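Every value quoted in this text rests on a predicted model; they were computed, and no experiment measured them.
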Amino acid sequence: MAPTTTDVPALPALDGLDWTSIGTALDRDGYARLGPVLDPAQCAETIDLFDRDEAFRSTVDMARLSFGEGRYRYFADPLPPLVQTLRTRLYPGVAGVANRWAEALGEDGWPDEHAGLVERCAAAGQHRPTPLVLRYGPTGYNCLHQDVYGDLTFPLQLLIMLNTPDVDFTGGESVFVEQRPRQQSRAMVVRPGLGEGVVFPVRYRPKLGARGYHRVQMRHGVSAVHTGERHVLGVIFHNAR
């Protein structure tokens, strides 16, 4: 369910995003920093949701599944207005990059609006929302992984840092690893600030080689938190089976 007009939060930073530059950074680096997209009050509001059981459909203890150490919780429908608004307003920008990538790789394209992606997910049997909040305490970390929840996987996703590095926590860097064919893997470490968004691939991105574009596999994770608590909002655009 989409938020009503009166529920839609103000997110003025989204209006200033330059998706041409964001796409260029994704092509060059494998990720793109957006700068702050949430203000401190919105970050605190989202952290507070973590302890409200009624807001979530499921909770995962990473240690129990050997995913790392920490917990994450998937939001239930209807999504909180802030999360729903981020998902719908960011989608056209990431869809523009995704469609350019699809053309380069000879793949099918994506709908221009998020409602169209939700319909395609439903047709594939994927009805459960995937946005989530992650909480890491001291020694918490997340193994390298890909967020694939069914046959239909939209190629880009977003993280938003909800705490202030070196104030609320130390350590806990975001790590992206590019697995290059016939070469050693390349690791990239990013430390987003409070409210900052980072866009990155779910599974792979196109890369131009001597014989044209090919897929380069990508995985992401989080290095160990040393002190404090680290919270992140994950905005995944496709739904889960």
Any donor and acceptor pair, going by atom type alone, linking the side chain of Arg57 with main-chain N or O of Pro129 inside 3.5 Å? yes

If you round to the nearest 0.5 Å, how far is SG of Cys121 from CZ of Phe154? 10.0 Å

Taking the basic N atoms (NZ, or NE/NH1/NH2) and the acidic carboxylate oxygens, is any pair closer than 4.0 Å for Asp29 and Arg205? no

Parallel, tilted or perpendicular for Tyr149 and His238, by the 30°/60° rule? tilted

Residue pair Val37 / Leu11: nearest heavy atoms and the distance that separates them: O-CD2, 3.9 Å

Using 4.0 Å as the upper bound for N to carboxylate O, is an ion pair formed by Asp151 and Arg241? yes

Test of understanding: clusters of I, L, V, M, F, W, Y form through side-chain heavy atoms closer than 4.5 Å, transitively. Do Leu132 and Phe67 belong to the same one? yes

According to ring pair (Phe, Tyr, Trp, His ring centres under 6.0 Å), does anything in residues 186-222 pair up with another residue at least two apart or in another chain? List the pairs. His145-His220, Phe176-Phe200, Phe200-His220

Should we say atom CD of Gln183 is surrounded by more than 12 heavy atoms from elsewhere, each under 6.0 Å from it? yes

Locate the shortest heavy-atom distance separating Asp112 from Ala95; write the atom from each residue and the value. O-CB, 4.5 Å

Got a donor-acceptor contact below 3.5 angstrom from the Tyr136 side chain to the Asn142 backbone? no

Residues, nucleotides or ligands: over 12 heavy atoms within 6.0 Å of Asp48 CG: yes

Tell me whether the count of non-hydrogen atoms from other residues, nucleotides or ligands lying under 6.0 Å of CG in Asp15 goes above 12. yes

Go through it in stages, so that I can follow the logic: the residues are Arg73 and Asp51, the test is salt bridge (Lys or Arg N to Asp or Glu O under 4.0 Å), and I'd like the CA-CA distance, side-chain angles, deciding distance and then a yes or no. CA-CA 10 Å; Arg73 310 193 80 178; Asp51 294 314; 5.6 Å; no

Evaluate the side-chain proximity of Glu69 to Met62: yes if any heavy-atom separation is below 4.5 Å, no if none is. no

Counting N and O atoms only, with roles assigned by atom type, does the side chain of Asp147 sit under 3.5 Å from a partner on the main chain of Val202, one being a donor and the other an acceptor? no

From CG (Leu134) to CZ (Arg71), nearest 0.5 Å: 11.0 Å

Does atom CD (Glu103) have a neighbourhood of more than 12 heavy atoms from anything else shown, all under 6.0 Å? no

Short question: side chain of Ser223, backbone of Glu173 - any donor-acceptor pair under 3.5 Å? yes

